J.: 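Provided herewith is a single structure, encoded as structure tokens, for subsequent inquiry.
Residue indices begin at 1 and follow the sequence shown. Please read these numbers as outputs of a predicted model, since none were measured by experiment.
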Amino acid sequence: MTERNRLIRFDAVEGRVIAQSGITLDELLAIVLPHGWVLPVIPGTGAVSLGGAVAADIHGKNHPAAGSIGRHVEHLTVLDGDLRPRELRPDSDPDPFWATVGGLGLTGPILDVALRLRRVGTGPACTQRHRAASLVDLMGLVDASHRGSGDVHVVAWLDPTSPDGRGLVDVTELPSPDMPPENSGYPSSHLQLPRTAPWDRVRARKPLPGPGLIGSGSIRCASELRWRAPVRSGRQLGPAEALMPMRRAEHWPRLFGARGLTQYQFAVPTGSVDAIEDGLTLLRHHGLLPALAVLKRLGPADPALLGFAIDGWTLALDLPTRWPGLEHALRDLDRVVVEAGGRVYLAKDRRLPAETFRAMYPQHGAWMRVREAMDPGHRFASDLSRRLRLTP
């Protein structure tokens, strides 16, 4: 769908945009930011397409205030099983709409999306960094930051080598809204945007040969250096640079070598935070150190039937795929997550067993009934959907 990257309409006064699904979030931000608007939900990278963002119901670092992206979609168009475009709205078509949002493209390809934007100033974003000596202190800092005024974006780095769970918390506030722009809209009816660097860079990126540079020794060294680095508070960057750290680390996956990395991201409810500590302890027991461990707070869930975000916490772990025993360790981690009432993020999954998926996603049966009505001929499937037995 990446060639379907036309901007259909942008209302710079009301803050609404309609675009084809292949446009990337980077491309959208380049259009709306100069007019004083920002996407309501921003993930760690702008190379995500708008349709992919909705199909994964992505969350950002402001989830307690903003929710996932599906909350801000006014309507979308999907190609149904009869290969006919079908417009879906959350008020008039709630079941097919919330089966498509977070539905991983399995109800049909998303063709275009109408999205509400958020007013923002055109100045720099300001990031404050805080240290926390333990996991309890770190989670308390994250919680307290979200209770502050405004729509803040909060993310925490956990030191994977620390048994106490020490880490750093970054709190980013976007600039306050400026005066509304004078122009009433963007002169861009079906503007064809250039295919910009994000997709080209992803296609051109090749892994380093052999085992790469990421191993236990380099992880320990990098973690210690990051913890000891001077804390620079009040750092100012543009909103996109401040909220999309992978813009500055686009070569990160290459460092894991020929077999790449496995990212395991899970969420657990607020009352099951011990599962985070148990999961990290379990990995250490298996002799595995995450190269990166990122923690975020989540707010109330959206109605997406296969949505990932739940009221609680999410932890994303980057692990070298080549490590012996990784799959055995992740199966043990699956059990910790299931017992806590949590789930794994399907948008990043490559190995979850079907029976474990069903335990994590209790609404999968309702989703399958809606999908069957939208695509009775089973035109749309993926490797993931077959592995999880969501499609034949």
J.: Could you tell me whether the side chain of Leu346 reaches within less than 4.5 Å of the side chain of Phe357, counting heavy atoms only?
T.: yes

J.: Would you name the heavy atoms of Pro392 and His378 that are closest together and state the gap between them?
T.: CG-ND1, 3.3 Å

J.: I would like to know whether Leu292 and Gln263 meet side-chain contact (heavy atoms from CB on, under 4.5 Å); could you show each step before the answer?
T.: CA-CA 9 Å; Leu292 185 65; Gln263 185 171 102; 5.8 Å; no

J.: To the closest 0.5 Å, what do you measure between CD1 (Ile23) and OG1 (Thr2)?
T.: 12.5 Å

J.: Using every non-hydrogen atom in the two residues, find where Val268 and Ala275 come nearest and quote the distance to one decimal.
T.: CG1-CB, 3.9 Å

J.: Can you tell me how far the CD1 atom of Ile18 sits from the CD atom of Glu74, to the nearest 0.5 Å?
T.: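 The CD1 atom of Ile18 sits 8.0 Å away from the CD atom of Glu74.
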
J.: Pairs under 3.5 angstrom only: tabulate donor-acceptor contacts from the side chains of residues 154-164 to other protein residues two or more places apart or in another chain.
T.:
unit_1 : atom_1 : unit_2 : atom_2 : d
Asp159 : OD1    : Thr161 : N      : 3.0
Asp159 : OD1    : Thr161 : OG1    : 2.7
Asp159 : OD2    : Thr161 : OG1    : 3.4
Asp159 : OD2    : Arg166 : NE     : 2.7
Asp159 : OD2    : Arg166 : NH2    : 2.9
Ser162 : OG     : Asp164 : N      : 3.2
Ser162 : OG     : Gly165 : N      : 3.3
Ser162 : OG     : Arg166 : N      : 3.4

J.: To the closest 0.5 Å, what do you measure between CG (Leu88) and CG (Asp95)?
T.: 10.5 Å

J.: Under a single-linkage definition using a 4.5 Å side-chain heavy-atom cutoff for Ile, Leu, Val, Met, Phe, Trp and Tyr, are Ile310 and Val273 assigned to the same hydrophobic cluster?
T.: no

J.: Look up atom CG in Leu106 and atom CE in Met368, then write down how far apart they are to the nearest 0.5 Å.
T.: 10.0 Å

J.: Within 45 degrees of the ring normal and closer than 6.0 Å to the centroid, is that where the cationic atom of Arg16 sits relative to Trp37?
T.: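 Pair Arg16/Trp37 does not count as cation-pi.
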
J.: Leu352 versus Tyr345: any side-chain heavy-atom pair under 4.5 Å?
T.: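 With C-beta onward as the side chain, the pair stays apart.
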
J.: Going through the distances and angles, do Trp227 and Leu168 end up as a side-chain contact (heavy atoms from CB on, under 4.5 Å)?
T.: CA-CA 8 Å; Trp227 172 253; Leu168 305 171; 4.1 Å; yes

J.: Between Leu83 and Leu111, is there a shared hydrophobic cluster once you connect ILVMFWY residues whose side-chain heavy atoms come closer than 4.5 Å?
T.: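 Yes: a chain of side-chain contacts under 4.5 Å links Leu83 to Leu111.
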
J.: Charged N to carboxylate O under 4.0 angstrom, Arg297 versus Asp311?
T.: yes

J.: Hey, does Gln363 have a side-chain heavy atom less than 4.5 Å from the side chain of Leu305?
T.: yes

J.: Quick one, Thr321 and Phe256 - any side-chain contact, counting heavy atoms below 4.5 Å?
T.: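 No, their side chains stay 4.5 Å or more apart.
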
J.: Among all residues two or more places apart in sequence or in another chain, which pass the side-chain contact (heavy atoms from CB on, under 4.5 Å) test with Ser68?
T.: Asp57, His59, His63, Asp302, Ala309

J.: Are the side chains of Val294 and Leu315 in contact, using a 4.5 Å heavy-atom criterion?
T.: no

J.: Can you measure from CD (Glu224) to CD1 (Ile219) and round to the nearest 0.5 angstrom?
T.: 14.0 Å

J.: Taking atom CG of Leu225 and atom CZ of Arg220, what is their separation to the nearest 0.5 Å?
T.: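 Atom-to-atom, Leu225:CG and Arg220:CZ are 14.0 Å apart.
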
J.: Less than 4.0 Å between a side-chain N and a carboxylate O, is that true for Asp349 and Arg387?
T.: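 Yes.
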
J.: Checking Arg4 side chain against Asp112 main chain: does a donor-acceptor pair fall under 3.5 Å?
T.: no

J.: Are Leu289 and Leu213 connected in the hydrophobic side-chain network, where two residues link if heavy atoms are under 4.5 Å apart?
T.: yes

J.: Can you name the residues that form a ring pair (Phe, Tyr, Trp, His ring centres under 6.0 Å) with His286, not counting sequence neighbours?
T.: His328

J.: Could you tell me whether Arg89 and Asp91 have a side-chain N and a carboxylate O separated by less than 4.0 Å?
T.: no

J.: If you count every heavy atom of other residues, nucleotides or ligands that lies below 6.0 Å from Glu355 atom CD, does the total exceed 12?
T.: yes

J.: Taking the side chain as everything from C-beta on, heavy atoms only, tell me whether Ser49 gets closer than 4.5 Å to Gln20.
T.: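 Side-chain contact under 4.5 Å: no.
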
J.: What verdict does the side-chain contact (heavy atoms from CB on, under 4.5 Å) test give for Leu117 and Phe10, after you've listed the backbone C-alpha separation in whole Å, the side-chain angles of each residue and the deciding distance to 0.1 Å?
T.: CA-CA 10 Å; Leu117 304 173; Phe10 170 36; 3.7 Å; yes

J.: Search all heavy atoms of Leu317 against all heavy atoms of Pro290 and return the closest pair with its distance.
T.: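 Smallest heavy-atom distance, with atoms named: CD2-CG, 3.9 Å.
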
J.: I'd like to check Thr391 versus Asp375 (side-chain heavy atoms, cut-off strictly below 4.5 Å). Are they in contact?
T.: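 Result no, sub-4.5 Å side-chain heavy-atom pair not found.
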
J.: Does Ala66 offer a backbone N or O that forms a donor-acceptor pair with the side chain of His72 under 3.5 Å?
T.: yes

J.: Any heavy-atom pair between the side chains of Leu79 and Pro85 that's under 4.5 Å?
T.: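 Counting from C-beta outward, Pro85 and Leu79 do come under 4.5 Å.
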
J.: Should Thr100 and Met374 be marked as a side-chain contact (heavy atoms from CB on, under 4.5 Å) after you check the CA-CA gap, both sets of side-chain angles, and the distance that decides it?
T.: CA-CA 10 Å; Thr100 300; Met374 295 180 70; 3.8 Å; yes

J.: Counting only heavy atoms not in Arg131, do more than 12 sit closer than 6.0 Å to its CZ atom?
T.: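 It does: Arg131 CZ has more than 12 such atoms within range.
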
